[in-house]
Amino acid sequence: MVKTIATITAAALIALSAGTAYAAPKVLKYGHFQPGRDDQPKHKAALAFESCVEKATENSIDVQIFPAGQLGNATATLEGLKLGSIEMAVVHDGGISSIYPAFDIFALPYLFPNHETAYKVLDGDFGKEFGAAMLKDTGIRLLAYADNGIRQFTNSKHPIKTPDDLKGLKMRVQPSPVFIALMESLGASPSAIDWGELPAALTQGAVDGQENGVTNIIAASLYQSQKYATLDGHVYSLHAYLISDAFYQGLTDTEKAAVDSCTVEAQKIHRDMTRAQDLAAEKTLTEKGMEVYVPTAEQIEAFRALAQPAVRKHLDAAVGAEWVDKLVKARDQAVNSQ
């Protein structure tokens, strides 16, 4: 939605001519990291949020969307949220861990058996408790959790069917120690590279492969340099809907209610689109010319046997066992309730 100075000026003159004071709308800068296209879950959800909030608040909040990292990389965006120079953003898990290391617990490999289990955990008591702890430590309010895609391996060298196939491969990971620990546990050589630099790193051969959900593989056209994909689903990756708490506390009760309810609407669109892309990963990547391999249950167990203990050891040391234990317990309860 485009807002011009002329539009705002006209509204102010109308208000003044009616003998009322004109209150300028509160600007909510909303950043995310996917391309500004309707086929991208983050952007489609952002457009829905914009429309919903402006309608619900009668334009007392002016939502301005900045896609494709226009407000800076994840670290800069998160610092902006802490300082209040950015009001809202949807940020991936690896980025969030740079300012709140406990977020790394969600990278425990082979944690959730399906999307439904993840949703029960994240939308339930555990997710609320975790968000409250993050708010206390950072001043950033976690409004909702959404999908960043189930993470899969891709590379340019050969099919990955067993952990042995990863040995010696140079694999890009998020700038996050937990993903480095994951790759090292499987024998790969990890290299931390920011998302925006990844396509060039793959094209130039600085790394052989990477791991991401199909949504991001398609969004960045990684299939152009990656011939092989392995759908092992090692990490259920997250996006978090984050808002500066200083900005949030400055809203009226009506405006807070609008932000809360419209975030739920955006979350549903975001989750539905990303989950659909996850479930169609084999077909989608094959159509893009990749050679796709789906591991057997026994092969997945071989990956899990190496990766999960190593990452758990790292998390216990870096974050503390308490949060990891709580997450695993919530996962077990969610599985047993199905």
Side-chain angles (χ1 to χ4, degrees), residues 28-34 40-57 61 63 65-67 74 77-78 80-82 86-97 99-100 102-103 105-107 111-112 115-150 213 215 236-249 251 253 255-278 323 327 330-331 334:
L28 189 160
K29 295 186 294 295
Y30 180 128
H32 71 77
F33 298 91
Q34 286 179 347
Q40 298 299 302
K42 272 189 179 181
H43 195 64
K44 187 78 170 180
L47 293 173
F49 178 87
E50 176 187 28
S51 177
C52 178
V53 166
E54 293 184 349
K55 180 178 180 181
T57 65
I61 296 178
V63 178
I65 301 170
F66 296 85
T77 297
L78 289 158
L81 289 170
K82 289 176 69 175
I86 296 172
E87 288 72 36
M88 186 168 171
V90 183
V91 185
H92 50 282
D93 37 19
I96 297 169
S97 67
I99 65 154
Y100 190 58
F103 220 92
I105 64 173
F106 297 112
L111 175 67
F112 297 121
H115 294 84
E116 290 70 28
T117 301
Y119 298 160
K120 282 190 175 183
V121 171
L122 298 169
D123 297 342
D125 292 340
F126 173 84
K128 293 180 177 64
E129 180 184 1
F130 188 83
M134 180 176 172
L135 172 59
K136 183 178 179 181
D137 278 12
T138 66
I140 298 173
R141 180 175 292 268
L142 201 164
L143 295 171
Y145 304 85
D147 296 26
N148 189 24
I150 296 175
T215 300
Y236 170 85
S237 192
L238 290 172
H239 282 133
Y241 282 70
L242 305 172
I243 192 166
S244 165
D245 196 54
F247 174 78
Y248 185 84
Q249 296 301 343
L251 301 177
D253 288 345
E255 290 167 340
K256 288 177 182 176
V259 167
D260 292 345
S261 62
C262 294
T263 298
V264 173
E265 179 177 321
Q267 175 197 46
K268 184 178 188 311
I269 292 169
H270 189 152
R271 279 182 172 176
D272 286 352
M273 287 183 70
T274 308
R275 182 176 65 248
Q277 290 171 344
D278 280 337
W323 275 121
L327 176 58
R331 185 277 313 274

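All values reported here derive from a predicted model rather than from experimental measurement.
Side-chain contact between Arg331 and Leu327 is absent, with no heavy atoms from C-beta onward closer than 4.5 Å. Inter-residue side-chain proximity for Tyr241 and His32 is flagged as unmet; no heavy-atom pair is nearer than 4.5 Å. Using a 4.5 Å cut-off on side-chain heavy atoms (C-beta onward), Phe103 and Leu238 make contact. Ile99 has its side chain within reach of Ile140: a pair of non-hydrogen atoms, C-beta onward, lies under 4.5 Å apart. Residues Ile61 and Val259 meet the side-chain proximity criterion, which asks for heavy atoms closer than 4.5 Å.
Note that CG of Leu242 is 12.0 Å distant from OH of Tyr100, once rounded to the nearest 0.5 Å. Here the OG1 atom belonging to Thr57 is positioned 10.0 Å from the CG atom belonging to Leu28, to the nearest 0.5 angstrom. The CG atom of Asn148 lies 13.0 Å from the CZ atom of Phe106; values are rounded to the nearest 0.5 Å. Taken from CG in Asp253 to CD in Glu255, the straight-line distance is 9.5 Å, to the nearest 0.5 Å. Separating the OG1 atom in Thr215 from the CD atom in Gln34 is a distance of 6.5 Å, to the nearest 0.5 Å. Between the CG atom of Leu143 and the CD1 atom of Ile243 there is a distance of 5.5 Å, given to the nearest 0.5 Å.
Residue pairs meeting the side-chain hydrogen bond (donor to acceptor under 3.5 Å, both in side chains) criterion with at least one partner in residues 257-267, sequence neighbours excluded, are Tyr248-Asp260. Among residues at least two apart or in separate chains, side-chain hydrogen bond (donor to acceptor under 3.5 Å, both in side chains) pairs with a member in residues 137-147 are Tyr119-Asp147, Arg141-Asp245, Asp147-Tyr236.
Residue Ser244 comes nearest to Ile86 through the heavy atom pair CB-O, 3.8 Å, listed as atom of the first residue, atom of the second, then distance. Residues Glu50 and Val63 come closest through the heavy atom pair OE2-O, 3.2 Å. When all heavy atoms of Leu142 and Ala240 are compared, the closest pair comes out as CG-CB, 4.3 Å. Nearest heavy atom pair, residue Ala74 against residue Gly95, reads CB-CA, 3.9 Å. Summarising the geometry of Val91 relative to Ile96, their closest heavy-atom pair is O-CD1, 3.5 Å, with the distance given to 0.1 Å. For Thr77 against Ala89, the heavy-atom pair with the smallest separation is CG2-CB, 3.5 Å.
For the pair Lys29 (side chain) and Met88 (backbone), a donor-acceptor distance under 3.5 Å is absent. Not a single donor-acceptor pair under 3.5 Å links the side chain of Ser51 to the backbone N or O of Ala48.
Residue-environment remark: NZ (Lys256) exceeds the threshold of 12 foreign heavy atoms within 6.0 Å.
Put simply, the residue from His239, His92, His270 that forms a side-chain hydrogen bond (donor to acceptor under 3.5 Å, both in side chains) with Lys42 is His239.
Annotation: salt bridge (charged side-chain N to carboxylate O under 4.0 Å, His left out) contacts of Lys120 (sequence neighbours excluded): none.
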